[in-house]
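Here's the structure, in structure tokens; my notes come after.
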Amino acid sequence: MLIAILSGFLFAFILVFAGNDLKNKYAIVSAIVPFGLFVYFLQFTNRIAAGEVIKKTYQWIPSLNVNLGFTLDGISLIFALMITGIGFLVFVYTAAYLKGHHYLDRFYGYLAIFMAAMLGLVLSDNILSLFIFWELTSISSFFLIGFNNKEKSSRQSAVLALAITGIGGLLLLAGMLILGNVTGTYSIAEMLSSQSIISDSPHYIIIVLLLFGAAFTKSAQFPFHFWLPGAMKAPTPVSTYLHSATMVKAGIYLLMRFTPILGSTELWNTTLIIVGAVTMLYAAIHTIFRTDLKGILAYSTISALGILVFLIGLGTKDALLAACAFILVHAFYKACLFLVTGIIDHETGTRDTTVLSGLRKVMLPVAIAGILAAVSNAGIPPSFGFLGKDLIYESTLHMGDMAIVLTALAVLTNILLLYAGFVAGVKPFTGKLPSQFEKVHLPSYLMWAPPLILAVGGIVIGLFPGIVEGALIKPAVTALGANSGDIHLKLWHGFNTVLALSATTIGVGLLVYFVLKPSEKLVQLAQKFEIISPQHIVESLAYGFAYFSSYWSKIVQNGYLRNYIATIIIFLIIVVGYTLFNHTTFEIDYNSFAKLTVYEILTLVLMIVGILFTVFTKSRLAAVASMGVVGLAISLIFVYYSAPDLAMTQFSIDTLTVILFVLVLYKLPKYLNISNTANRIKDGVISIAFGSLIMVLALEVLSQPQNTETSSFYAENAYILAKGKNVVNVILVDFRGIDTFMEISVLTIAAIGVFSLLKLRLAKKFRDK
Amino acid sequence: MINHIVLYPILVQLFFAIVLLFAWNSVRLQKSISIFGCIVSLALSIWLFITIWTKGTLTIQAGNWEAPFGITFVADIFAATLVLLTAISGLAVSIFSAGTILRARFKFGYLPIFHFLLLGLNGAFLTGDIFNLYVWFEIIIISSFVLITIGGEKKQLEGAIKYFTLNILASMIFLTAIAVLYGLTGSLNMADLALKVAEIENRGLVEITALLFLIGFGIKAAIFPLYFWLPASYHTPPPAVMAIFGGLLTKVGVYALIRVFTLIFVGEDFLETIILSIAGLTLFSGAVGALVQNNIVKIFSYLIICHIGFMILGLGLYTEAAIAGAVFYLIHDIVVKTNLFMVSGLIYRIKGTFSMRDLGGLYAHYPMFSLLMIIPLFSLIGIPPLSGFWPKLALITESFKIGNYWLIGAVLFATFITLFVIARMWSEVFWKDGPVLNKVPNFRYFQLLNKRQKLQMIVPMVFLAMVSLYIGFGAEHIQRLSSRIAVELMNNQLYIEAVLNK
Amino acid sequence: MKTIILKTASKYLLPLLLLFSVFILLRGHYLPGGGFVGGLIASIAFVVYAFANGLEQTKDLLRIHPGYLMPVGLLIAFVAGISPMFLSALPFMTGEWFAEPLAVIGMVGSALFFDIGVFIVVVGVSLTIIFTITESA
Amino acid sequence: MEFLLALVTGLLYAAGLYMMLRRSLVKLIIGLILIGNGANMLIFLLGRITKGLPPIIPEESKVFLEPYADPVPQALILTAIVISFGLQSFAIVLIKRAYKVVKTDDLDQMNSTDEYS
């Protein structure tokens with residue numbers, strides 16, 4: 001099974017090297033991959049139908065609890081078959097659709113990666129590997145949406161889609177990790193038994209909210225839906241495959257998968273019902289205000305996803321059954337409609353519904369596919385769609401007090417969806433053929449066969465629902481945790497409320513279709529409300545955040561070195577000062593301090609005067625000279641306090657520094673009097689605070705007991721072991737010789753630096769700008 | 001005397017630095033010596049690593065003075081890993097330098113200084129003495145000063161002044177901290193300090209010392225609010241220099257923080273609060289900074305800051321898993337950041353600019369390069385299963401365990417911004433059809449390079465890309481390594497025993 | 001500045017100062033002094049010479065660029081440092097000593113060679129810096 | 001005496017910081033040097049000071065006969081002083097070059113590398 005899932009990646013990898021051959025004549029060959037996988041998964045149908053659950057686990061990173069554990073049960077199988085089956089059709093379709101395209105190989109590569117990721121997603125038992133595949137679908141989607149990367153809008157849509165689904169992915173990651181922590185396992189199968197632990201956990205709410213965040217962004221629920229219409233910038237095979245049939249259903253899959261674990265709580269059900277209902281209605285209404293075929297289909301897809309969320313929210317057995325069936329229904333007709341749209345676009349060069357009509361005369365098979373799909377979409381018997389719709393109404397009607405409202409919402413949505421389906425699937429083919437389309441001809445069968453297969457499939461299953469009932473629907477419902485024993489799908493239920501509702505839907509829907517024509521006016525009307533659309537609001541927020549970011553960065557990284565220094569030191573003063581005043585006692589034993597002599601006092605006075613003069617003098621030379629005096633005073637202090645070596649070194653270094661300064665200084669300009677008084681006072685306060693802090697700290701440390709273990713070792717062994725009497729020098733060349741070695745290395749490096757700074761001039765022509 | 005090998009990584013770099021100084025006049029010879037030296041160094045580092053992995057921590061007392069009196073060098077598994085990573089990055093950058101650095105810079109000591117820098121890094125990782133650590137830090141900063149200014153361009157000098165000042169300030173704070181520490185304990189050996197600091201009764205002073213170290217190392221590690229030098233200067237030197245800086249310089253600060261706060265200053269609550277807040281703010285501020293930039297190198301600079309936050313977070317959480325996460329991130333980050341700056345160097349060679357607005361069309365014209373470049377880019381984001389992803393698992397989980405949702409938020413935010421920024425960069429630099437740029441006269445465009453130079457640019461990138469792929473797909477190995485490091489770090493007794501034999 | 005007196009004086013001063021610097025270097029193990037201070041004194045000797053006789057002549061006197069003294073010094077220190085590793089399998093920088101003390105200098109060992117290395121590096125560094133600055137000033 | 005030395009040390013830190021906060025490059029370097037001196041003084045002071053007893057073993061004996069000053073801080077300071085010298089000489093040359101290239105001594109005008117482009 002691992003090989004099956006990874007075959008997509010392998011195929012993509014091969015394409016990197018063998019892509020050129022596949023690009024041209026043999027493009028169709030790549031369809032073998034999804035077809036093979038389809039057959040592979042098909043052979044499990046019997047075992048799944050018999051109630052078996054197939055598991056395979058491969059170790060990967062045991063120390064992080066990440067393994068590649070795969071479970072094939074009812075839901076996974078439905079999704080796996082959809083992914084590979086529609087995948088196969090899309091691969092075939094693509095061979096013709098992008099025939100001779102320069103980057104066809106890349107396109108197949110992305111598609112194959114996507115397919116593999118999607119398979120991994122729906123088969124993963126380990127929630128972390130589920131997340132990994134989830135992210136990979138987002139990434140491959142990014143590349144596919146941006147496939148026409150020369151267009152700005154394409155690129156923007158790709159980034160937008162990745163941003164939205166990326167946020168969702170991260171929420172998922174957090175949710176999964178918290179879930180794993182609460183349950184102590186990362187295996188979904190093992191979580192099933194700890195349902196009560198989770199729902200009693202204080203973290204239940206956050207887990208559910210994070211999961212919703214992931215599902216709603218991926219499955220384009222209101223208010224995160226807007227990336228999906230943008231994603232229609234991708235070539236049509238992508239829209240078909242990712243953005244209607246599979247990837248957007250990953251969120252649905254997630255919700256379904258976790259229904260038995262997290263479901264059946266008020267939070268779960270209510271949220272899903274509300275979000276689903278809002279989405280399905282909002283998106284369905286939007287279809288009226290679109291003239292672009294793909295736009296209409298995008299919104300109707302969002303609406304369908306809303307219906308699914310809504311159904312999962314209802315959570316009853318009927319509703320889950322309806323959801324399972326509707327996933328299949330939708331996959332059939334929506335994929336078909338997209339493919340049909342692609343053909344129209346490909347052959348006529350437009351997707352504008354206001355101009356398209358009468359195309360049946362030039363592309364009959366396509367017309368048949370489109371119309372059949374629209375019929376299934378409309379839920380007109382005997383299509384599979386009719387069955388699906390029945391199940392939806394069946395479940396809303398059994399919702400007790402809320403039944404009327406919920407049913408009304410469902411009916412309204414379906415009426416609008418019927419309209420949308422007809423606009424997309426019927427309108428372009430009926431009516432008069434405009435003259436500019438007369439030369440349009442039927443494309444290669446590779447293009448029209450896939451939608452036709454799907455469309456016919458939708459009708460055949462409607463007629464013989466038994467094909468999918470036992471093999472797919474029942475195991476799926478079981479996997480969702482409901483008893484599926486008494487399920488029986490059939491076309492005819494007798495005269496009842498559900499039938500009446502279906503009839504109403506069809507009747508009103510057709511009426512709407514004939515009365516309401518898509519037009520530019522409606523589009524413009526909708527644009528007036530653009531300002532309150534979620535997309536606009538999110539974009540404004542993002543814009544606001546970008547503004548804030550640049551403001552923040554300019555404040556923090558303001559370019560003034562003195563501000564940087566001040567910030568660092570103020571930070572230091574605050575944290576160190578806080579601790580110093582909170583935790584120490586200020587007991588300083590002045591008696592233990594050494595007594596003063598006149599020389600020392602004079603030296604200190606000299607030093608203090610030197611320091612102050614260095615700071616306040618207006619002359620650079622005087623500043624440097626008095627800095628030299630300070631150094632001199634320090635070496636005197638070293639002399640008094642038993643450090644002759646230090647005194648010598650300090651003195652010579654001090655002299656050298658002053659010489660260097662003087663050598664350099666006379667080339668520099670005089671001090672400018674540039675800082676204002678306020679700044680000086682501020683800096684003075686900071687400096688004094690800093691200095692006092694160091695002083696208090698020093699005194700504190702001095703009051704602590706001293707430990708002389710190390711130094712006495714040096715003193716005792718300097719002569720005996722290291723054969724020297726000047727202990728400081730012995731330390732320098734022997735005990736701590738490496739320090740000295742590195743010290744002379746520092747000097748060497750500095751000298752090279754000085755040399756290259758002064759001597760190296762890059763010739764103008766070599767300058768990096 | 002097997003423990004001699006502890007010093008080999010240091011000695012070999014020192015030796016080659018000296019040899020390179022002798023070869024001052026021959027650029028060609030220098031290049032060969034440098035690459036050869038890096039290969040030797042890599043081999044020795046691998047040897048050291050394997051030895052430590054199988055035999056456990058090794059120590060050597062320089063000058064044969066028993067600890068804590070001499071300078072001890074300690075190769076525990078943490079140090080050995082970082083030395084190995086230094087050798088890997090060093091080799092890559094050495095080859096990359098050979099192909100990209102201007103001849104004039106070579107003539108003025110670029111390569112010897114580069115090896116001195118590697119020497120400093122190895123020394124800092126291996127030393128077990130706090131003052132010696134200061135000395136290694138000085139080697140590192142003086143070499144980096146020279147590397148950042150070599151060539152003396154205007155922007156280089158402006159950046160260098162900020163870089164210089166703030167790094168010296170950091171050293172001064174570090175030195176102040178050492179003074180206080182010596183005043184309190186009379187010792188410099190880190191293992192010995194661990195024992196002596198634990199005995200000090202005045203915890204307030206210990207905390208202050210720890211804070212001084214935090215600030216001193218924090219400036220070098222570029223954490224909030226101490227990172228200003230980094231965005232001001234990292235984009236100014238040639239890409240090869242950026243690569244070694246971006247890969248290793250801030251990391252040595254992180255290393256020092258982790259070392260000091262797991263060995264010497266252990267278990268101070270106040271510190272943990274501060275470190276966690278800093279981590280969160282670093283993640284935030286770095287991410288926000290990356291968001292507003294247009295220059296790809298500046299974006300990477302801010303991302304360095306941002307991602308330092310992950311490692312600091314791991315340190316602040318202070319559990320075994322979190323430290324393992326921080327170490328894992330450290331390992332990943334060194335390889336990926338080095339590679340990223342080489343990537344930007346390649347882009348620069350191809351197009352002659354770093355500005356996203358002017359770049360474009362790389363994917364169309366250089367598909368294979370794009371594929372190569374996408375590996376570090378995606379690893380950086382942490383697209384699973386690439387390398388940056390794995391450590392975040394531990395960081396999020398451990399943040400959750402202490403119930404701090406803000407930290408989880410910060411991690412997710414930083415990851416998201418990285419994702420967004422890289423996606424936008426991909427769109428602008430690789431997808432977009434860039435504007436037609438005026439040819440810069442005399443600029444050595446990639447197409448104009450000879451085959452050897454081209455290879456010298458590409459080979460190290462492939463090499464590092466392979467390493468980062470290994471880190472991602474072989475995460476099991478890296479995780480085991482990180483966990484072992486974390487276990488050793490969290491039980492500082494092990495380190496103390498290895499050094500002091502007690 | 002380039003007076004005859006100074007020129008003449010510097011001619012004698014140079015060897016004297018150099019001798020003194022070597023003296024400071026050698027006595028470092030027993031009394032204040034050592035390679036570093038010694039090196040500084042030696043460089044001052046050359047600087048004074050340069051003041052009197054000009055940079056070019058000083059360079060001629062040195063024959064090689066002072067920069068080359070740096071790797072030479074480093075190499076001496078390096079060899080002194082690693083010698084115990086090869087001679088007696090002891091760690092880097094371990095002191096190796098000749099059995100008998102020499103006249104004037106006292107005990108001779110690797111530490112002394114190390115100090116000589118320091119001395120040479122310091123001379124190289126100071127002269128490089130000062131010469132470079134003077135040349136480009 | 002320790003108290004006064006602590007005071008002077010604090011003063012060196014304060015003065016150094018104040019100089020670093022000015023806008024002139026020259027003052028910046030002077031400030032760094034002052035702080036460096038302050039840090040050395042701090043090591044010296046905190047290593048505990050002893051008057052008139054340098055850590056040199058008397059000629060005739062092999063170990064110290066009387067109390068002596070702690071040699072370790074002295075060795076550390078020596079290393080630190082020399083290292084600072086390396087850094088300072090580099091810094092001095094750096095400002096010289098920077099002035100030549102950027103043509104100003106005013107740090108406030110050196111922020112092109114922080115600008116957003």
Side-chain angles (χ1 to χ4, degrees), chain A residues 557 559-562 565-566 569 593-594 596 604 607 611 615 620 623 627 634 641-644 646 649-650 653 657 660-661 664 668-669 671 674-675 683 687-688 690-692 694-695 698-699 701-702 706 711 714-716 719-720 725-728 731-732 736 739 743 746-747 750 753-754 757, chain D residues 1-4 6-11 13-15 17-24 26 30 33 37 42 45-46 48-57 62-64 68-72 74-75 77-79 81-83 85-86 88-90 92-93 96-97 99 105-108 111 114:
Chain A
Q557 195 71 28
Y560 295 109
L561 181 58
R562 55 199 162 90
I565 299 170
I569 296 297
F593 291 173
L596 287 170
L604 285 178
M607 195 160 149
I611 295 171
V615 172
R620 291 164 305 143
M627 187 189 72
I634 293 176
Y641 291 95
S642 330
L646 270 185
T649 316
Q650 170 76 25
I653 292 279
T657 312
L660 284 184
F661 244 121
V664 166
L668 293 180
Y671 277 167
I674 32 189
S675 45
D683 295 344
S687 306
I688 289 169
F690 183 53
S692 327
I694 298 290
M695 180 180 143
L699 291 173
V701 175
L702 282 175
Q706 193 191 0
S711 56
Y714 289 147
E716 279 158 23
Y719 187 71
I720 296 168
K725 290 197 167 176
N726 180 357
V727 184
V728 175
I731 293 177
L732 285 177
R736 301 186 62 88
D739 281 352
E743 163 198 319
V746 167
L747 287 181
V754 168
L757 258 184
Chain D
M1 182 61 191
E2 276 90 341
F3 180 81
L4 288 180
L7 178 80
V8 173
T9 309
L11 190 61
Y13 272 90
L17 177 62
Y18 184 80
M19 291 296 268
M20 286 175 75
L21 291 172
R22 303 297 91 215
R23 284 165 61 175
S24 155
V26 179
I30 293 179
I33 296 176
N37 280 333
L42 191 71
L45 179 62
L46 296 188
R48 307 303 194 276
I49 49 175
T50 314
K51 214 182 264 188
L53 298 161
I56 295 173
I57 300 173
K62 294 187 169 181
V63 290
F64 285 101
Y68 55 92
D70 185 349
V72 182
Q74 296 190 16
I77 296 169
L78 231 157
T79 310
I81 290 177
V82 177
I83 288 177
F85 169 67
Q88 283 157 19
S89 46
F90 182 78
I92 292 170
V93 174
K96 179 186 157 78
R97 274 294 285 161
Y99 172 68
D105 176 44
D106 182 3
L107 278 166
D108 279 16
N111 35 20
D114 273 326

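This is a predicted model, so every value here is computed, not measured. Residue numbers begin at 1 in each chain, while the letters A, B, ... track the order of the sequences.
For the atom pair OG1 of D:Thr79 and CD1 of A:Ile731, the computed distance is 9.5 Å after rounding to the nearest 0.5 Å. To the nearest 0.5 Å, atoms CG (D:Leu11) and CD1 (A:Ile688) are separated by 9.0 Å. Taken from CG in A:Asp683 to CE in D:Met20, the straight-line distance is 11.5 Å, to the nearest 0.5 Å. Taking CG of D:Leu4 as the reference point, atom CE of A:Met607 lies at 11.0 Å (rounded to 0.5 Å). A:Ile569 CD1 to D:Leu21 CG: the interatomic distance, rounded to the nearest 0.5 Å, is 8.0 Å. Between atom CD1 of residue D:Ile83 and atom CD of residue A:Glu743 there is a gap of 6.0 Å, rounded to the nearest 0.5 Å.
When the candidates D:Ile77, D:Thr50, D:Asp70, D:Ile33 are compared by the number of heavy-atom contacts under 4.5 Å with chain A, D:Thr50 comes out ahead. Chain A forms more heavy-atom pairs under 4.5 Å with one residue of D:Pro55, D:Ala15, D:Ser89 than with any other, namely D:Pro55. Chosen from A:Val754, A:Val746, A:Leu747, the residue pairing most often with chain D at heavy-atom distances under 4.5 Å is A:Val754. The candidate from A:Ile653, A:Leu561, A:Asp739 with the greatest count of non-hydrogen atom pairs under 4.5 Å with chain D is A:Ile653.
Contact record, A:Met627 with D:Ile30: SD-CG2, 3.7 Å, taken as the closest heavy-atom pair. Closest non-hydrogen pair, D:Ala75 versus A:Leu732, comes out as O-CD2, 3.8 Å. Residues D:Phe90 and A:Ala750 approach most closely at CD1-O, 4.1 Å, considering heavy atoms. Shortest non-hydrogen contact noted between D:Arg48 and A:Val701 is NH2-O, 3.4 Å. Heavy-atom minimum distance, A:Leu702 versus D:Leu45: CD2-O, 3.5 Å. Contact detail for D:Leu42 and A:Ala698: the closest heavy-atom pair is CD1-CB, 3.8 Å.
For A:Phe690, the part sitting under 4.5 Å from any heavy atom of chain D is the side chain, from C-beta outward, and nothing else. Both the backbone and the side chain of A:Thr657 come within contact range of chain D, each with at least one heavy atom under 4.5 Å from a heavy atom of that chain. Of the two parts of D:Ile92, the backbone and the side chain both hold a non-hydrogen atom closer than 4.5 Å to a non-hydrogen atom of chain A.
Under the 4.5 Å side-chain criterion, counting only non-hydrogen atoms from C-beta, D:Ile81 is in contact with A:Leu646. A 4.5 Å side-chain heavy-atom check between D:Phe85 and A:Leu660 finds at least one atom pair inside the cut-off. Inter-residue side-chain proximity for A:Val615 and D:Met19 is flagged as met; some heavy-atom pair is nearer than 4.5 Å.
Checked by atom type and distance alone, the side chain of D:Gln74 pairs as donor or acceptor with a backbone atom of A:Ser642 at under 3.5 Å.
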